[in-house]
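Single-structure report; data block below.
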2 protein chains.
Amino acid sequence: MRNQGPEMEIVHLLRAVTVELGLHSARFASHNGMHPTDVRALIELMDASRADEEMTAGRLGTALGLNSAGTTSLLDRLEGAGHVRRVRGRQDRRKVVVEVDERAVELGWSFFGPLIGKAVELLQNCDEREREAIRGFLEGMREASAGGE
Amino acid sequence: MRNQGPEMEIVHLLRAVTVELGLHSARFASHNGMHPTDVRALIELMDASRADEEMTAGRLGTALGLNSAGTTSLLDRLEGAGHVRRVRGRQDRRKVVVEVDERAVELGWSFFGPLIGKAVELLQNCDEREREAIRGFLEGMREASAGGE
DNA sequence: CGTATTATCTCGCCGAGCGAGATATTCGAC
DNA sequence: GTCGAATATCTCGCTCGGCGAGATAATACG
């Protein structure tokens, strides 16, 4: 075994959390007749909407690692289920702006809201230095795993 | 917007980390002609091997959320690529014990080792109280997202 | 204007994973 | 012991998400 310090327990915890979050999404998906990709798309769309950014078909596909054909069928599914609307771009009419339906947003919050609430609660029971440690660790892991094609 | 405290930044960081780790796995997969599920299986197998537990076909499939047919084709792929061997169970000859090839383990470490190294490094720069805060946050999130079918 | 570029869509196809059922092995009741 | 139920895995046929190639439509640029 390469390492058996007390740090490894936290490394495995992080992996366990990512696995559990993935399974949580999968449960949300199957309870609503959606596919994992649809859920990821919904999250991406809600995120963009919160940041007041327009999300186009192309940007969404890139964010999810889909090619244009896959993106089209993803949007067909989401639109067919009534979760999003396709709207032609105003100034650039080639683009398709994807608008999330309000009920889909509510659906998403009903499933992920409690989780976020729990996270906020955990963090509010920390002092500033502890929060900074958590932020630093997550930020470091994000940088380490991010990056290049 | 439901909440805009400083806690939300960390919540989004956690989500970003899970997304990045997922993309990291996907890169590993495509660089090695594997599918995301194959990588998840490999991690599960390495984990079991580290804990000195036998991993059977059925347990693996359950852990990954596959049914028996999907599990069989997963093992066919992994065995065809030389990453695992099927060995009939000793006392219960219905079972198929899955053994990971040593080279597949090395391959996995070459990709995920640096990430683990970075995590250990980050954690070693923390004092005990900060590490405890990180552990507590991750543990809490795991519990909140875990749970029941 | 005409040509290159960009954004999306259509078509045909591949293959991961599912459901149903077959096969082989073990356990339990009598 | 032996016969039927339970268990572990595999086979077959199929569905459908996602890919590659190329069509279509709108924009940018010389």
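The chains referred to below are lettered A, B, ... by the order of the sequence lines, with proteins before strands, and numbering in each begins at 1. Note that the structure is a prediction, hence the values are computed from the model and not measured.
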### Task
Mind calculating the distance between CE (B/M55) and C1' (D/dA8) to the nearest angstrom?
15 Å
### Query
Which part of the nucleic acid does A/T56 contact within heavy-atom distance under 4.0 Å: base, sugar-phosphate only, or nothing?
sugar-phosphate
### Note, A/I10 side chain near B/R131 side chain (heavy atom, < 4.5 Å)
yes
### Integer-rounded Å distance: C/dA7 P and A/L60 CG
14 Å
### Message
Check the phosphate of C/dG17 against B/T37, side-chain N and O only, distance under 4.0 Å to OP1 or OP2. Yes or no?
### Response
yes
#### Entry: Evaluation steps, side-chain contact (heavy atoms from CB on, under 4.5 Å), between A/L21 and A/L115
CA-CA 10 Å; A/L21 288 177; A/L115 214 52; 3.6 Å; yes
### Message
Does either side chain, that of A/H12 or that of B/R50, offer a donor lying less than 3.5 Å from an acceptor on the other one?
### Response
yes
### Query
Rounded to whole angstrom units, what separation is found between the NE2 atom of A/H35 and the P atom of C/dC18?
12 Å
## Note on the structure
From CZ of B/R59 across to P of D/dT9 the rounded distance in Å is 11 Å
### Query
With side chains defined as the heavy atoms from C-beta onward, is the minimum distance between B/V17 and A/E139 less than 4.5 Å?
no
### Query
Using a cut-off of less than 4.0 Å, is there contact between a side-chain N or O of B/R86 and OP1 or OP2 of D/dT9?
no
### Message
Within the 4.5 Å heavy-atom criterion, are A/V96 and A/V87 side-chain neighbours or not?
### Response
no
### Message
At 4.0 Å (heavy atoms only), tell me whether A/G61 reaches a base, stays on the sugar-phosphate, or touches nothing.
### Response
nothing
### Query
Closer to the 5' end of DNA chain C via nearest nucleotide, is it A/A57 or B/D38?
A/A57
### Message
For a quick test of reading the model: is some side-chain N or O of B/R77 closer than 4.0 Å to OP1 or OP2 of C/dG17?
### Response
yes
### Query
Of all the choices, D/dG17, C/dG17, C/dT8, which nucleotide is nearest to the side chain of B/S73 once you look at every atom?
C/dG17
### Task
Sugar-phosphate atoms are those with a prime plus P, OP1 and OP2; base atoms are the rest. Using that split, label each nucleotide of nucleotides 21-30 of chain D B, S or - for protein heavy atoms under 4.0 Å, 5' to 3'.
-----BS---
### Query
Can you tell me how far P of C/dC9 sits from CG of A/L66, to the nearest Å?
13 Å
### Query
Separation of B/D76 atom CG from C/dG15 atom C1', in whole Å?
13 Å
## Note on the structure
Rounded to whole Å, the CG-C1' distance (A/L74 to C/dC9) equals 14 Å
### Task
Take A/R85 and A/E99 through the test salt bridge (charged side-chain N to carboxylate O under 4.0 Å, His left out) and record every step on the way to the result.
CA-CA 5 Å; A/R85 290 178 295 277; A/E99 291 181 355; 3.5 Å; yes
### Message
Expressed as a whole number of angstroms, how long is the span from A/L75:CG to C/dA7:P?
### Response
15 Å
### Task
Using the six-membered ring wherever Trp is involved, compare the ring planes of B/H24 and B/F111 and label them parallel, tilted or perpendicular (cut-offs 30° and 60°).
tilted
